[in-house]
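Any value given below was found using the heavy atoms of this structure, including those in side chains, with hydrogens, waters and symmetry copies removed. The chain is numbered in sequence order, starting from 1.
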Amino acid sequence: MDKGKVLSLRHVLMLSVALNVGLFLRLGYVGEGWRAEQSLHGFCLEEKRQNRGAPMEDFSQKVAHVSKGKLVETASSSVARSDVEDGGQRDINLDHGDPTMYERFWKQMGDKTTVVISGSQYISYFSDITNICWFLEPEFAKTVIRLHKLVGNAITEGRHIVVGTGSTQLYQAALYALCPPDASEPMSVVSAAPFYSSYPLMTDFLKSGLFKWAGDAHKFSQDRPYIELVTSPNNPDGSTRKPVVNQKDGILIHDLAYYWPQYTPINSPADHELMLFTVSKSSGHAGARIGWALVKDQEVARKMTEFIEINTIGVSKDSQVRAAKILQAVADSCDRVGTGPEEVQPFFDHSYILMEKRWNQLRAVVEKSRLFSLPNFSTAHCNFSGRNFETQPAFAWLKCEGEIEDCEIFLRSHQIFTRGGEHFGVSRKYVRISMLPRDEMFDLFVERLSEIRS
């Protein structure tokens, strides 16, 4: 036989073996990856079930922005995972407030918010060395002021703007700035229950000697300095909040992440010593990780800047530039200045109408059911839009009525993942449900909820 042909056949045989081995290994790898994911999901859910018997203090150390039971249900995978069948039903994850609802509007805007950054731009740490917050991009600061004046939801005159990596970093910076460094004991930090589930974790995470989480503001009666967090509209229940403790040595931080006209009537500009805002809930761009604080006291603004300088040596300029472009587009759409296509509504009109529709859908289902209830909100006039409407929060605070003692577990049995009331300092009969997922997920949730009988 021709030697060349023998070699050729030998090469074909070796290639065939190699391809089959490679395919076998790939299938094994994919299988292992799938099993690992399922194992992680099961482990996390099991750990959460075990934690249910733990005291409330232990819970505060275990709650994260995305609860442990849902770590595999990330935002990027939510659409793909919606196709996964689990017991004949798709998982509906409404545990965290991932604002993917806004994607549709920004797709309609096309390239209006596209930002191109060359390799030679934003190399330096510094943005404006004459500013207390020296890493604050001037264009971002200018846009923040414009948007607040346009909406009328906050006073910006006589305020220092401090930019942070989301409002989470700003919250920690505020605690650092407000607590005296030479106090004999940590300052107590409180918030009225139901409070934002991450407050306890964020407060005690660094185990600081300056401050400590002290729980429900309604139960705080100690005669010593304290910091009270006032979240309005409140996360999780959407209520309008005012300070609760009202003692002479109290310091207030106002978290106003949801004080925007798609969620609640804007009846007056907020005028407080320290106010926190975030891009994630104003425009929906949670991935930008940008927030800002309006701070009246110069020394507090300086110390907040000092914390961020030590913590992360400033805040991403790229993210600030992108956030500025996005907020400019929001403001332009309301002013009808150089906006996108004619058929695109102003941002806050679009968002308001979508929130109104979703709340009407949910209330219609809940009213027909004897198993659930929702809080009611009074109607108020919005100075920005001219509408009279009820608050329509970013989260629904759902209560399971009757003999259902743990609403989170009950809904999970129907493949609806939520965050239970114990994470917010109240009864397990309550759950927080995000109203901000993509349309497909929200419609599936309403349909699933309407089918629950017991």
Side-chain angles (χ1 to χ4, degrees), residues 67 92-101 191-197 216 218 231-242 257-265 281 351-380 382 387-439 441-454:
S67 64
I92 301 173
N93 186 351
L94 302 175
D95 168 85
H96 47 288
D98 197 25
T100 51
M101 173 190 85
S191 186
F195 43 72
Y196 176 36
S197 58
D216 186 359
H218 290 290
T231 306
S232 188
N234 189 43
N235 175 358
D237 65 356
S239 61
T240 300
R241 287 290 184 87
K242 293 183 178 180
Y258 302 94
Y259 192 46
W260 296 98
Q262 66 267 51
Y263 306 121
T264 192
K281 297 307 185 292
S351 305
Y352 166 86
I353 291 169
L354 187 52
M355 291 301 299
E356 179 186 43
K357 176 186 175 184
R358 291 187 172 196
W359 270 98
N360 287 340
Q361 286 178 273
L362 181 58
R363 286 196 182 278
V365 169
V366 169
E367 287 172 5
K368 291 181 180 178
S369 171
R370 295 183 179 181
L371 296 176
F372 310 111
S373 63
L374 288 165
N376 293 313
F377 304 103
S378 58
T379 300
C382 179
R387 297 184 177 97
N388 294 311
F389 67 99
E390 300 175 3
T391 296
Q392 39 196 42
F395 297 101
W397 189 233
L398 189 76
K399 181 181 181 183
C400 284
E401 301 289 353
E403 298 179 358
I404 303 171
E405 294 300 324
D406 193 316
C407 200
E408 182 182 359
I409 287 181
F410 175 74
L411 290 175
R412 189 193 303 161
S413 70
H414 294 276
Q415 306 307 121
I416 301 173
F417 294 90
T418 61
R419 194 173 300 188
E422 73 272 20
H423 301 304
F424 305 91
V426 296
S427 167
R428 292 178 179 173
K429 290 184 74 69
Y430 292 89
V431 293
R432 190 194 72 171
I433 299 172
S434 173
M435 298 289 287
L436 304 179
R438 296 179 179 90
D439 292 338
M441 187 63 70
F442 185 80
D443 291 341
L444 182 61
F445 159 64
V446 172
E447 179 183 353
R448 179 82 53 81
L449 197 69
S450 68
E451 294 170 351
I452 298 176
R453 297 291 179 265
S454 61

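- A side-chain donor-acceptor contact under 3.5 Å links Trp359 to the backbone of Pro393.
- Judged by distance alone, the side chain of Arg241 and the main-chain N or O of Ala192 form a donor-acceptor pair under 3.5 Å.
- A salt bridge does not link Arg438 with Asp98: none of the charged nitrogens is closer than 4.0 Å to a carboxylate oxygen.
- Between Tyr352 and Tyr263, the distance from one ring center to the other does not fall under 6.0 angstrom.
- Closest of all the heavy-atom pairs between Pro233 and Thr264 is CG-CG2, 3.6 Å.
- Considering only heavy atoms from C-beta on, Trp397 stays 4.5 Å or farther from Leu374 through its side chain.
- Annotation for Gly425 and Phe195: closest pair CA-CZ, 3.7 Å, computed over non-hydrogen atoms.
- Judged by distance alone, the side chain of Arg428 and the main-chain N or O of Cys407 form no donor-acceptor pair under 3.5 Å.
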- [ ] Decide yes or no on side-chain contact (heavy atoms from CB on, under 4.5 Å) for Leu411 and Ile92, but give the supporting numbers first.
- [x] CA-CA 10 Å; Leu411 290 175; Ile92 301 173; over 6 Å; no

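- Considering CG of Leu94 and CG of Leu436, their distance stands at 10.0 Å, rounded to 0.5 Å.
- With rounding to the nearest 0.5 angstrom, the OG1 atom of Thr231 is 14.5 Å from the OH atom of Tyr259.
- Side chains of Ser369 and Ile452 form no contact here, defined as non-hydrogen atoms less than 4.5 Å apart.
- Distance check, rounded to the nearest 0.5 Å: OG1 of Thr418 to CG of Leu398 gives 8.0 Å.
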Task: Phe372 vs Glu401, side-chain contact (heavy atoms from CB on, under 4.5 Å): CA-CA, chis, key distance, verdict - done: CA-CA 5 Å; Phe372 310 111; Glu401 301 289 353; 5.8 Å; no

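- Once rounded to the nearest 0.5 Å, the distance linking OG of Ser351 with CD of Glu356 reads 12.5 Å.
- Contact of the Met355 side chain with the Met101 side chain is registered, since non-hydrogen atoms from C-beta on lie closer than 4.5 Å.
- Minimum interatomic distance between Asp216 and Ala193 (heavy atoms only, all atoms of both residues): OD1-N, 3.0 Å.
- For the atom pair CZ of Arg448 and CE of Met441, the computed distance is 9.5 Å after rounding to the nearest 0.5 Å.
- Nearest heavy atom pair, residue Ser434 against residue Gly97, reads OG-CA, 3.7 Å.
- Side-chain N or O atoms of Glu408 include one that pairs as donor or acceptor with a backbone N or O of Gly420 at under 3.5 Å.
- Remark: side-chain polar atoms of Ser427 are paired, donor with acceptor, to backbone N or O of Lys429 under 3.5 angstrom.
- Residue Pro265 comes nearest to Thr391 through the heavy atom pair CD-OG1, 3.9 Å, listed as atom of the first residue, atom of the second, then distance.
- Shown here for Ala257 and Lys281, the closest heavy-atom pair between the two residues is O-CB, 3.6 Å.
- For the pair Val365 and Glu451, the minimum side-chain heavy-atom distance is 4.5 Å or more.
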Open item on the list: Applying side-chain contact (heavy atoms from CB on, under 4.5 Å) to Asp443 and Gln361, what does each step give before you reach the verdict?
Closed with: CA-CA 9 Å; Asp443 291 341; Gln361 286 178 273; 3.5 Å; yes

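- A distance-only check finds no donor-acceptor pair linking the side chain of Ser232 to the backbone of Asn234 [under 3.5 Å].
- In this structure the side chain of Asp406 never reaches within 4.5 angstrom of the side chain of Arg412, judged on heavy atoms.
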- [ ] For the pair Met435 and Gln392, evaluate side-chain contact (heavy atoms from CB on, under 4.5 Å) and give the outcome as yes or no after the intermediate values.
- [x] CA-CA 9 Å; Met435 298 289 287; Gln392 39 196 42; over 6 Å; no

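- For the pair Asp95 (side chain) and Phe417 (backbone), a donor-acceptor distance under 3.5 Å is absent.
- Remark: Arg432 is not positioned above the aromatic ring of Phe424, lacking an NZ or CZ atom under 6.0 angstrom from the ring centre and at most 45 degrees off the axis.
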